[in-house]
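Chain letters run A, B, ... following the sequence lines, proteins first and then strands; every chain starts at 1.
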Protein chains: 2
Amino acid sequence: MNYPPRPVEATPLAHDRVYRHLRSRIMHGDLPPGQSLTLRGIGREYEVSMTPAREAVRRLVAEGALTMSSSGRITTPELSNERIEELAALRALIEVELASRALPRAHMALIDRLQAINGTIAEAVTHRDAVRYIRTNLEFHRTLYLRAQAPAMLAMAETVWLQMGPTMRALYGRLRRTEPPQFHRLIIAALKAGDEPGLRLAVRSDVTQGLRMLAS
Amino acid sequence: MNYPPRPVEATPLAHDRVYRHLRSRIMHGDLPPGQSLTLRGIGREYEVSMTPAREAVRRLVAEGALTMSSSGRITTPELSNERIEELAALRALIEVELASRALPRAHMALIDRLQAINGTIAEAVTHRDAVRYIRTNLEFHRTLYLRAQAPAMLAMAETVWLQMGPTMRALYGRLRRTEPPQFHRLIIAALKAGDEPGLRLAVRSDVTQGLRMLAS
DNA sequence: TGAAAGCAGCTGTGATCACAAAAGGGCATG
DNA sequence: CATGCCCTTTTGTGATCACAGCTGCTTTCA
């Protein structure tokens with residue numbers, strides 16, 4: 001479990017560096033579903049031997065970010081619709097709780113930052129940049145949830161994001177959209193008003209909207 | 001992420017065998033919080049080299065079942081009270097949802113099995129057997145949640161159990177109790193009656209009761 | 001033209017080793 | 001008697017290697 005906010009960690013350890021970089025790429029949709037990876041390939045890319053590559057992969061497999069076939073082949077996961085629905089339900093459960101816990105601590109400075117991030121998301125949308133869209137969208141959520149002061153819950157939410165990463169890329173790539181996320185504005189409005197039921201509904205709507213895309 | 005129900009898996013792979021056995025010991029409270037482990041020690045115990053031991057440990061660390069210090073020393077986690085509260089809240093969130101999804105599929109055969117398991121729990125309580133108590137208690141919950149047909153959610157719940165394993169042992173070991181869990185009977189009653197609100201309340205009460213022990 | 005057989009390359013697994021850093025214990029000193 | 005220092009042992013890390021199994025392509029035969 002990765003408990004963010006991580007300490008400063010002056011660890012130039014090879015396996016950790018590989019792990020972090022791969023994790024970021026997967027979470028943000030850099031890799032499509034079903035993409036295959038090899039230990040030697042990863043080692044070559046990061047200029048390390050197989051050992052740290054193996055440890056990084058093992059860790060990512062444990063978090064559901066990568067899949068290993070019975071013969072040990074490594075690929076990014078291809079999620080079934082049932083699995084996607086389940087992960088979205090988990091997002092709704094956990095993130096609604098995180099938002100609710102963040103609400104009493106959300107001051108104006110946080111709301112300003114959220115609005116700024118929302119602006120960046122709008123840019124990504126107009127540029128049809130899926131990776132940047134996913135990255136800034138998650139940054140929006142993470143920024144809010146960090147205020148909840150619940151690292152174990154945030155870690156769980158991030159694990160779900162990680163599992164959905166490659167699929168999100170495929171989904172958003174297929175999407176024709178020109179407007180920034182409407183529910184983010186509802187989230188910000190509810191935060192300003194201190195409206196907890198409204199916040200819960202807005203977060204739930206936002207994290208499950210991908211499902212509607214999928215169904216259509 | 002470990003998606004139970006696992007396939008038959010005829011994998012005698014060393015690292016997997018070590019992982020599974022260690023995982024079971026940790027989840028069921030075989031190890032106290034703060035217990036230190038070494039790769040060479042694990043390798044000796046399971047008659048393997050350091051490599052599979054390292055992979056198993058890496059996987060368990062990723063799931064929060066073990067902690068690594070900055071220098072790489074391996075111990076079972078010692079949870080702060082805030083972390084325990086958070087994990088209990090996660091259990092409540094996820095397990096209430098799992099129970100709710102299992103309710104429409106819970107037939108009499110399942111309820112009979114749950115009652116049988118409850119009998120075993122009562123035995124463990126009278127014998128003051130903490131490990132057996134934890135094991136059968138989790139078996140009760142897992143048996144119910146398997147009916148929810150939501151492997152990703154169940155995996156999340158198990159990850160939380162895993163993180164709480166050593167602490168649960170310490171808590172229940174400190175507990176003076178002679179009666180079987182009252183909330184399990186409420187869960188069974190709600191299942192029989194098809195009473196969803198009652199089931200949600202009973203599950204929430206059951207998974208957060210450890211907190212009241214902690215506070216007292 | 002088609003499928004099946006065989007082969008060469010590649011992939012993950014696990015063992016072993018060298019190495020640096022940390023831990024623990026024993027000793028000497030204040 | 002307590003405290004700080006040093007040395008020995010133990011620890012995790014990463015590289016390398018042998019090996020078995022799988023993949024995928026080429027070749028061959030019907």
Report summary line: Rounding to 0.5 Å, atoms CG (L191(A)) and CG (L144(A)) come to a distance of 5.5 Å
Report task. Please state how far atom CG in L13(A) lies from atom C1' in dA21(C), giving the value in whole angstrom units. Result -> 11 Å
Query - Separation of E63(B) CD from M27(B) CE (nearest 0.5 Å) - result: 8.0 Å
Requested in this report: Calculate the interatomic distance between I74(A) atom CD1 and dT23(D) atom P; express it in whole Å.
Outcome: 14 Å
Report summary line: Testing dG12(C), dA15(D), dG12(D) for proximity to the side chain of V48(A), the answer is dA15(D)
Report task. Quick one: label R40(A) by what it contacts on the DNA or RNA (base, sugar-phosphate, nothing), any heavy atom closer than 4.0 Å. Result -> base
**Report entry** Between dT13(C) (P) and H15(B) (NE2): distance, integer Å
**Finding:** 6 Å
Query raised in the report: Starting at the 5' end of DNA chain D and moving along, which residue's nearest nucleotide shows up first, T51(B) or L37(B)?
Result: L37(B)
Report summary line: DNA chain D nearest-nucleotide lookup for G41(B) and R54(B): closer to the 5′ end is G41(B)
Report task. Give M68(B) one of three labels, base, sugar-phosphate or nothing, depending on what nucleic acid heavy atoms sit under 4.0 Å from its own. Result -> sugar-phosphate
Report task. Rounded off to whole Å, could you give me the CD-to-P distance for the E55(A) and dA15(D) pair? Result -> 11 Å
Query raised in the report: Which listed nucleotide (dA15(C), dT16(D), dG12(C)) is nearest to the side chain of S49(A)?
Result: dT16(D)
Query raised in the report: Looking only at side-chain N and O atoms, does R44(B) come under 4.0 Å of OP1 or OP2 in dT10(D)?
Result: no
Report task. Could you state the atom-to-atom distance from CZ of R73(B) to P of dT13(D) in whole Å? Result -> 10 Å
Requested in this report: Please state how far atom OH in Y19(A) lies from atom C1' in dT13(D), giving the value in whole angstrom units.
Outcome: 18 Å
Query raised in the report: Among dG12(C), dT13(D), dA15(D), which nucleotide sits nearest the side chain of L39(B)?
Result: dT13(D)
Query raised in the report: How long is the span from the CG atom in L39(B) to the CZ atom in R44(B), to the nearest 0.5 Å?
Result: 11.0 Å
Report task. Apply side-chain hydrogen bond (donor to acceptor under 3.5 Å, both in side chains) to E95(A) and Y145(A), showing your working. Result -> CA-CA 8 Å; E95(A) 297 191 29; Y145(A) 304 151; 2.5 Å; yes
Report task. Specify the residue among G72(A) and S71(B) whose closest nucleotide of DNA chain C lies further upstream toward the 5′ end. Result -> G72(A)
**Report entry** Separation of atom CD1 in I42(A) from atom C1' in dC10(C), rounded to whole Å
**Finding:** 15 Å
Report task. If a pair satisfies ring pair (Phe, Tyr, Trp, His ring centres under 6.0 Å) and one of its residues is in residues 41-75 of chain A, list it, with sequence neighbours excluded. Result -> H21(A)-Y46(A)
Query raised in the report: Given atom CE of M50(A) and atom C1' of dC17(D), what is their separation to the nearest angstrom?
Result: 10 Å
Query raised in the report: Of all the choices, dA22(C), dG14(D), dT16(C), which nucleotide is nearest to the side chain of P52(A) once you look at every atom?
Result: dG14(D)
